[in-house]
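Worksheet: one structure, shown below.
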Amino acid sequence: VMHYWIFMFRPDTYEKVKEHQTIGVRERVRKRFAEVGKGDRFVVYVSRAKLLDGYGEVTSDPFEEDTLIFSDDQVYFHRAKVHFDRVGAAVPAGDELWGLSPFQENLRTEPANLILCKGGFIEISKDDYEHVVELTRG
């Protein structure tokens, strides 16, 4: 079963993700991260810049690795390989996140805060995914 995700990255981490074609998460969300699988599709939200920047495909199931690729002081052992179909769209997220399915039920915080609380990734519907892809196609 294919899943659709929003992956959130800080601007500096996003550069490393694009360079290494690898995403990673912290230990505390490894069980949820196991739901991410090869063939899943994702869209990118860049925090701080508040941009929808592109989309792609997860090209491996989750695995563990301890090589420092994201930063010198942070190790994200739980990883998956990815391929980007589009980057650099830089579409201001504005109210776009509020319209997506995970954020419509009595949300008491900003959508980005909820994504952060979930470990930097959250599942969305296929319709949500297609909507964001259209926005980032330019």
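For this chain, numbers begin at 1 and follow the sequence in order.
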Item to check | Counterpart residues, ring-ring contact (aromatic ring centres under 6.0 Å, His included), relative to Phe42 (two or more places apart) | outcome: Phe7, Phe84
Checklist entry - CG/Asn113 to OG1/Thr109 distance, rounded to the nearest 0.5 angstrom? => result 3.5 Å
Without placing hydrogens or testing angles, list every side-chain donor-acceptor pair under 3.5 Å for residues 28-39, not counting sequence neighbours.
{"unit_1": "Arg30", "atom_1": "NE", "unit_2": "Glu27", "atom_2": "OE2", "d": "2.5"}
{"unit_1": "Arg32", "atom_1": "NH1", "unit_2": "Lys118", "atom_2": "O", "d": "2.1"}
{"unit_1": "Arg32", "atom_1": "NH2", "unit_2": "Phe121", "atom_2": "O", "d": "3.1"}

Next on the checklist: Check whether Asp53 reaches the backbone of Val87 with its side chain - one donor and one acceptor, N or O, closer than 3.5 Å.
Outcome noted: no
Item to check | Those residues that, when tested against Asp127, pass salt bridge (charged side-chain N to carboxylate O under 4.0 Å, His left out) (two or more places apart) | outcome: none
Checklist entry - Any side-chain heavy-atom pair from Val43 and Val133 closer than 4.5 angstrom? => result yes
Item to check | For His131, side-chain contact (heavy atoms from CB on, under 4.5 Å) partners two or more places apart | outcome: Glu96, Leu100, Leu135
Checklist entry - Between Leu114 and Ile122, does a side-chain contact (heavy atoms from CB on, under 4.5 Å) hold up when you go through it step by step? => result CA-CA 8 Å; Leu114 181 60; Ile122 195 166; 4.0 Å; yes
Checklist entry - Side-chain contact, heavy-atom cut-off 4.5 Å: Trp5 with Arg41? => result no
Next on the checklist: So, using side chain to side chain donor-acceptor pair (under 3.5 Å) as the criterion, who are the partners of Thr59 when residues are at least two apart?
Outcome noted: none
Item to check | Validation row: Ile6, Leu97 side chains within 4.5 angstrom (heavy atoms) | outcome: yes
Checklist entry - Does Lys50 have any side-chain contact (heavy atoms from CB on, under 4.5 Å) partners at least two apart in sequence or in another chain, and if so, which? => result Tyr45
Item to check | Euclidean distance, Thr13 OG1 relative to Phe70 CZ, rounded to 0.5 Å | outcome: 8.0 Å
Item to check | Which residues share a side chain to side chain donor-acceptor pair (under 3.5 Å) with Lys126, sequence neighbours left out | outcome: none
Checklist entry - Can you tell me how far OG of Ser60 sits from CG of Asp40, rounded to the nearest 0.5 angstrom? => result 10.5 Å
Checklist entry - Pairs in or reaching into residues 1-14: which pass salt bridge (Lys or Arg N to Asp or Glu O under 4.0 Å), with residues at least two apart or in two chains? => result Arg10-Asp12
Checklist entry - Under the salt bridge (charged side-chain N to carboxylate O under 4.0 Å, His left out) test, which residues partner Lys16, sequence neighbours left out? => result none
Next on the checklist: So, taking the atom named CD1 in Ile23 and the one named CD in Gln21, what distance separates them when rounded to the nearest 0.5 Å?
Outcome noted: 11.0 Å
Item to check | For Arg86, all residues meeting salt bridge (charged side-chain N to carboxylate O under 4.0 Å, His left out), sequence neighbours excluded | outcome: none
Next on the checklist: Under a plain distance cut-off of 3.5 Å, with no hydrogens placed, do Glu57 and His83 share a side-chain donor-acceptor pair?
Outcome noted: no
Output side-chain donor-acceptor pairs under 3.5 Å for residues 62-69, partner residues at least two apart or in another chain, one line each.
{"unit_1": "Glu65", "atom_1": "OE2", "unit_2": "Thr67", "atom_2": "OG1", "d": "2.9"}

Item to check | Contact list for residues 11-32, test ring pair (Phe, Tyr, Trp, His ring centres under 6.0 Å), sequence neighbours left out | outcome: Phe9-Tyr14
Checklist entry - Is there a side-chain contact between Pro111 and Trp98, using heavy atoms and a 4.5 Å cut-off? => result yes
Checklist entry - Between OG of Ser101 and CG of Asp128, what distance do you get to the nearest 0.5 Å? => result 3.5 Å
Next on the checklist: Any non-hydrogen side-chain atom of Ile124 less than 4.5 Å from a side-chain atom of Pro102?
Outcome noted: yes
